[in-house]
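Worksheet: one structure, shown below.
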Amino acid sequence: MLAYLVKRVFQAIAVMLVISLVGFAIQDNLGDPLRELVGQSVSEEVRQQLRDELGLNDSFFRQYSRFLGNALQGDLGTSYFFKEPALDVILKKLPATLELVLGATLIIVGFSVPLGVYTAIKPNALLSRLIMGVSIVGISIPVFLTAILMIFVFSVELNLLPSYGRGDVVTVFGNWDTNFATLDGWAHILLPSLALASIMLPLFVRLIRAEMMEVLQSEYVKYAKAKGIRPYRIYFVHALKNTLLPVITVGGVQIGTMVAYTILTETVFQWPGMGFMFLEAVNRVDTPLIVAYLIVVGFIFVLTNTVVDLIYGLVNPTVNLARMGA
Amino acid sequence: MSLLSVRDLTVKFAMRDHTVTALDNISFDLAKGERLGIVGESGAGKSITGFSLMNLLSRPGFIDAGKILFRGEDIVKMPQSRMRGIRGNRMAMIFQDPMVTLNPVLTIGQQMVETLMAHRTLSKAEAEQIAIVKLREVYIPSPEERLAQYPHELSGGMRQRIIIAIALLLDPELIIADEPTTALDVTIQADIMELLLELCQSNKVGLILITHDLGVVSQMTERTLVMYAGKIIEAGRTREIINDPQHPYTQGLINALPQQTKPGMRLKQIPGNMPSLTAIPPGCPFSPRCEYVRDHCRTTRPETVQYAHVEVACHEVSRLHQENTEEQPA
Ligand SMILES: Nc1ncnc2c1ncn2[C@@H]1O[C@H](COP(=O)(O)OP(=O)(O)OP(=O)(O)O)[C@@H](O)[C@H]1O
Ligand code: SF4
Ligand SMILES: [Mg+2]
């Protein structure tokens, strides 16, 4: 178990190194820090001197190690626009984005499992055909369209739900702003979460359905029937557990990806999270903030994958973590 | 009254726009505690017969006609819930490949306990006690510890023993074993068969043993059905069928046995292959491969007749019998 953990952590570190390299390359090539610092009216000699002082003429390796050393200490540079450490700017926006992802995840898990299982058990039922039909349409509609459509229906026409912002947030655990403490908060997060979930939900319904149908054809399910086990136990104990095992792995990766998908959703709903901030940073060519965003999102992605892999190892009895470490 | 009585059972598969017949009007009986072998080449319909008896045919297969009377009650017409109460309880099944039969994510204990609890009202602790007793009966060492183990922690032979123990959990009247040792290492096949025979005899359980191995059938069973292309072509006491087979197909099977071949002689395989369900010839299904074939064999289906202790479906059985006796030196 420990060996597997160590191995997995080393893999995660390797991926983070690659991400940091990409981040560094962007910082090195996008925008000129001098222009941001001193403007255009400064002579070439002064510029060169400044470059030397800032270490911009050092070798690639020295610059990269300095970047990495700083990053490890939580210093991802200073945002040109906010004049604040980039990491601080991002961490302030992080709760909004993570709550959005959490909301979407809850919707996905809450709906995809029952819908996937139902359509697998009753593939020919009218309702199943309807669900599958809608899911195909769902996959092919881009998020921003879903989002705008939902705003039009629920905010403009029905006037039921707010269409932008986070609404009433409550600060918990020191500096975490949460939407889940007030009714207004819930009302504000509903539409953005639904919009974000709309891409993944059909995918998950189809994935769970396909896995479940395959599992239902397996010998051990036939055997359970031959033992006289009740149908609900066959579906929810024998089949579901085997269905969800592979889904967990895919699911973890997708939830990591969802953090990146928030850019669109946050923009449409004016959601004050990292994604919205990232788009603004790109418009302002705020290079340190762009790089910091990439590294933070990369980190979340690597973290979720690692955790999901470990959970998978723990819940699947046929995976021997001790052996996998070797 | 016999324990099991199958009458004119016909099973079909629904294809896109037509149906094919997988079992064609088969009838047989099984007395209480009797052991019956079903033999035939691959595709003869042996497994389909086994699953039909449990009413567990999976789509597109379905029972088209006939009766399966188990303890006098027709399984074909029985409501699902009642049939579920019989499966695993009065009638148990042993599958072919123990590596894929047990659920990989449930422990041995869970899979044994759930079977007992599906049919009896008892506590988990009581169920585990019964499970341990049954594991001991199939010679599983330290059965208490096995309950907490997952299938993948055990060898194939061990798993098949556990599956036999599960079959015996509720003291059934009938066990259907579909090639229970084909997937196992040759060195332990005989052990498993011996164990199965011993347990069926000591518990007076009826056994339907599906296999393509006539040698196994002769050791394990009292009566035998020989199947060909979804039909029973010969049926009778195992001893008679092995020693004095009447149907040319059965004779071919027996001549192909290694024991029948003298050293240096080549194994005599029956030429050709069994027809697929979509291309079963009219008349006698064996006619394209039969060395005794006559014209009427190709057009008229042979009736099942009683001949020399066995039931056999062949037009030429009496002629054959004469020729065979004449061949023998006096
Ligand atoms: N789902 C299905 N759809 C169509 N035909 C099928 C289906 N399942 C089985 N069959 C056909 O039914 C026939 C009988 O199959 P069955 O499995 O009973 O053979 P068997 O005698 O058990 O052979 P084996 O020794 O290979 O196990 C075969 O010809 C097979 O191709
Ligand atoms: S009926 Fe004719 S073809 Fe069929 S087995 Fe008998 S002799 Fe051969
Ligand atoms: Mg078979």
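Chain A is the first sequence line, chain B the second, and so forth, proteins listed ahead of strands; every chain is numbered from 1.
For the side-chain contact (heavy atoms from CB on, under 4.5 Å) with Asn103(B), the qualifying choice from Val221(A), Val237(A), Asn242(A) is Asn242(A), the only one to do so.
With a 4.5 Å cut-off on non-hydrogen atoms, Leu56(B) touches chain A through its side chain but not through its backbone. Using a 4.5 Å cut-off between heavy atoms, Arg59(B) contacts chain A through its side chain alone, with no backbone atom that close. Looking at Ile163(B), the atoms closer than 4.5 Å to chain A (heavy atoms on both sides) sit in the backbone and in the side chain alike.
Taking a 6.0 Å sphere around CD of Glu214(A), one finds it holds 12 or fewer heavy atoms contributed by other residues, nucleotides or ligands. In the displayed structure, Glu145(B) atom CD is contacted under 6.0 Å by at most 12 heavy atoms of other residues, nucleotides or ligands. For Phe111(A), the CZ atom counts as loosely surrounded, since its 6.0 Å shell holds 12 or fewer non-hydrogen atoms of other residues, nucleotides or ligands. At most 12 non-hydrogen atoms from other residues, nucleotides or ligands lie less than 6.0 angstrom from CZ of Phe299(A). Counting heavy-atom neighbours within 6.0 Å of Leu126(A) CG, excluding the residue itself, gives a total of 12 or less. For Phe28(B), the CZ atom sits in a packed shell: over 12 heavy atoms of surrounding residues, nucleotides or ligands are nearer than 6.0 Å.
Between Lys222(A) and Ser58(B), the shortest heavy-atom contact is CE-OG, 4.1 Å. Shortest non-hydrogen contact noted between Val100(B) and Glu219(A) is O-CB, 3.3 Å. Of all heavy-atom pairs spanning Ile229(A) and Ala118(B), the tightest one is CD1-CB, 4.2 Å.
Here the OH-CG distance, from Tyr223(A) to Asp97(B), works out to 13.0 Å after rounding to the nearest 0.5 Å.
Most heavy-atom pairs under 4.5 Å with chain B: of the set Lys225(A), Lys227(A), Lys241(A), this distinction falls to Lys227(A). Per-residue counts of heavy-atom pairs under 4.5 Å with chain A were compared for Arg84(B), Met54(B), Gln96(B), Gln80(B); the largest is that of Arg84(B). For the set Leu106(B), Leu169(B), Ile176(B), the entry with the most heavy-atom pairs within less than 4.5 Å of chain A is Leu106(B).
You'll find the side chain of Glu114(B) reaches within 4.5 Å of the side chain of Arg233(A), heavy atoms only.
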